[in-house]
Amino acid sequence: MSNAIELRGLNKSFGQKQAVRDMNLDIPQGAMVGFIGPNGAGKSTTLRMVLSILFPDSGDIRVLGNDSALKAKDRIGYLPEERGVYRKMKVSAFLQHMAILKGVDRREARRRAEDWLGRVGLGDVGGKRCEELSKGMQQKVQFISSVIHEPELLILDEPFSGLDPVNMRLLRDLIQQQHAKGVTVLFSTHVMFQAEQLCQHIVMINNGSKVLDDPLSAIRARHAPRTLRFEPIDRAVDVAASLATLPQIADVEAMDEGWQLSLSDGASLEAATQAVAACLAPAKLELIRPTLEDVFIDIVSEGNVDSRGAQAEVAA
Amino acid sequence: MNKTLQIAWREFTATVMTKGFLIGMLVLPLMMGLVVLLIPWIINMQKAPHVEGTVVIVDDSGLVADGLRDYLTPEAFAKRRLDLKDRVDEIMPPGVRGMAAGNAQADAMIQQQLEQALGMVPQLRIETQAAGSDMDVLKARLRDEADEARPLAVLHVADDAVWPDEGAAIDELGGYELLTRKGVDDRLIDSLQDGSRNAIIAARMNARDLDAGEIRALNRVAHPAIQRVDAGGETAVNEIARKLMPMAFLMLIFISVMTAGQYLMTSTIEEKSSRVVEVLLAAVSPMQLMGGKILGQLAVGSVTLAVYAGLGILALVTLASAGFVDPLMLLWLAIYFLIAFITMAALMAAIGAAVNELREAQALLTPVMLTMVLPMMLWQPISRDPNGTLATVASLIPPVSPFVMILRLSSSVPPPAWQIAASIAIGIAAVFATVWMAGKIFRVGLLMHGKPPNFATLVRWIRMA
């Protein structure tokens, strides 16, 4: 399958600050990819370069088979992080305006605007001015404006920021519908939970560089669980004392309910669980899977350690 | 192109379909009409303080007091006022005169006006004191605030006001002295001074057996209406209209460019601050966006221009002065309007894109505004000497050149053809240069938030983009 987006050696600086450095990225067609990283990592800058709103200092971009998004603007949908509407414009007119700017013809634009408004439960607000809508309604309208021209590639920059749980779910469903239709979806977020729920593939960037680019399953496999959660049947027994003697267990820590056991280096999961179960009869014995957030914090803090080390070297 | 037109269409409808725009369009002609109608009335009112009181005359020469008393009667005041009004009416275009005066040509009407005027003029009681009266006594009366009959003023005519003293030359004639109490209206003082001067001059003439009326008549040369003679025949030229025409054309362009430019800047700031702009930039290029916006506001400016120019021509037709407007002039107007507009609009778009809110735009706007007002200040020197060095140089320097050329083209001595061609060529070059620079600032500025840029930053943006 060909790639919807290909980035090769992308660099971009603003003054002294290098926002994106040596970014390489392939997004296959039809994929749903989460673009995660802390605030200021370079997510928005990368997305803007993909869209040719900003231009890289060096590197190549291919989008939908073109060497620039400018040649494929009408096939791309974009929901920026900082998004707005024309406050004085009627909702329906705004959507038509955006559709026409994306190459939809006038009559078709009107039909689609009405159709979409009805689909998200805003059928009766087409004649209202945008400023009369609540924030949640405005965000729905903005989402519609990014998909009304039926794009092949949908780029969403922090689509969930500022949404209440109900609207968040609605938006998630809408994004999934687009994905189900075969649209390639790339969205950025700093809320890991969102990415975990939606994506099969995660790209993580930190300080302008890509630090992770893997399927979710591979990330989980790589950051295999090394901790167990344990509750004994007999609550009277001294768990810490009993388990600390096991060679497979490095550390025992009390949790709200039960205990958290960290595996020793080199100990296999199977051996450890068997040893624990043999030592004390478990009421509950389960693996604690690291969330994406744990992985993320792991990588980010490693990065910080690295850079601190680098600074120390320079100083030396 | 389609997208640019769509942007232009939105820009146009979003600007024109607002109450603010309609009201703005109406206010200006209304105000101008009001001013034109009010000028005669205001001039009338100016000389009309309603005052009652005593004026003391001490005439040491013994020859001036009678004339002075005649000058200061209410009837004389009223008559002078009506004469002035007639003179004002004379120089107003015929249509305005008709509007202002209605059909008040009948004698009855004039009589009524005279009576009306009589009620409003100063009612002065003249008290004559013997020659050689003690001025200190009179000064004391001016000071005495308790006295109800305190005079307004004391006019003291010198004894040598009519005939020079023995041995003195004719140009050493004396004059008069005017003493007033506190709080006397300036306009009454003007009248007292005029009256004294007139009465003294009349007395001097009388004393020498000269006929004052004859001398006045000899001093007067009728001011003729100018006849313009050309292939089309002879046309009467209304001088006031002829002098005002360049200014009218200048104002026309100025207002259209300024209003549309302002709208363009505000709408750009709105798009930037409401963050619509990034959505737009995902659909169109910055140049398409700027081009569309300029095109849309060009339509707005053209509507303004057409409406005002149309109203102006309509007014001239009703005033039977339509002959002043050369159709070729309208073509020049359109060309220079385009040049001035696009240059200005590109600058305004760049400013709008560079700042975050209207308040921050002021600093960048000031130099632009000053350049725009410059032609207004040059109006007098240029219309006095439309082909002088100042005019020639100014008409080749953008962005003032379109305004100056409009002034010169509508003046009585149009500029030579080569200068017209040169100014248009320079104007078009300036249009491209400005749009190119503005486009860069526009592209960079739209996505920049935070500290508003200064000129150095703008120059850096132009370099880096």
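- Separating the CG atom in A/Leu54 from the CG atom in B/Leu447 is a distance of 6.0 Å, to the nearest 0.5 Å.
- Scanning all heavy atoms of the two residues, the minimum distance from A/Pro80 to B/Val279 falls at CG-CG2, 3.7 Å.
- Side-chain contact check for A/Arg48 versus B/Glu278: some heavy-atom pair is nearer than 4.5 Å.
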Apply side chain to side chain contact (heavy atoms under 4.5 Å, CB included) to A/Met89 and B/Val276, showing your working. CA-CA 12 Å; A/Met89 217 169 169; B/Val276 189; over 6 Å; no

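- Other residues, nucleotides and ligands contribute more than 12 heavy atoms inside 6.0 Å of the CZ atom of A/Phe55.
- Per-residue heavy-atom pair counts under 4.5 Å with chain B were compared for A/Ser145, A/Gly84, A/Gly77, and the maximum is reached by A/Gly84.
- Annotation for A/Arg169: atom CZ does not count as buried by contact number, only 12 or fewer foreign heavy atoms lying within 6.0 Å.
- For a residue to count as touching a neighbouring chain, one of its non-hydrogen atoms must lie under 4.5 Å from one of that chain's; by this rule A/Phe14 does not touch chain B.
- Around atom CZ of B/Arg275, more than 12 heavy atoms belonging to other residues, nucleotides or ligands sit under 6.0 Å away.
- Counting heavy-atom pairs closer than 4.5 Å to chain A, the top-ranked of the candidates B/Thr13, B/Leu446, B/Val284 is B/Val284.
- Side-chain contact check for A/Ile53 versus B/Arg443: every heavy-atom pair is 4.5 Å or farther apart.
- Heavy-atom minimum distance, A/His97 versus B/Ile7: CE1-CA, 4.2 Å.
- Contact of B/Ala282 with chain A is made through backbone and side chain together, with heavy-atom distances under 4.5 Å.
- When A/Arg87, A/Glu81, A/Met98, A/Lys88 are compared by the number of non-hydrogen pairs under 4.5 Å with chain B, A/Met98 comes out ahead.
- Annotation: the span from A/Phe94 atom CZ to B/Arg10 atom CZ amounts to 9.0 Å, rounded to 0.5 Å.
- If you take CG on A/Leu101 and CD on B/Gln6, they are separated by 5.5 Å, rounding to the nearest 0.5 Å.
- A pairwise comparison of heavy atoms in B/Leu281 and A/Lys73 identifies O-NZ, 2.8 Å as the closest pair.
- Here A/Tyr86 contributes atom OH and B/Glu270 contributes atom CD; the two are 7.5 Å apart, rounded to the nearest 0.5 Å.
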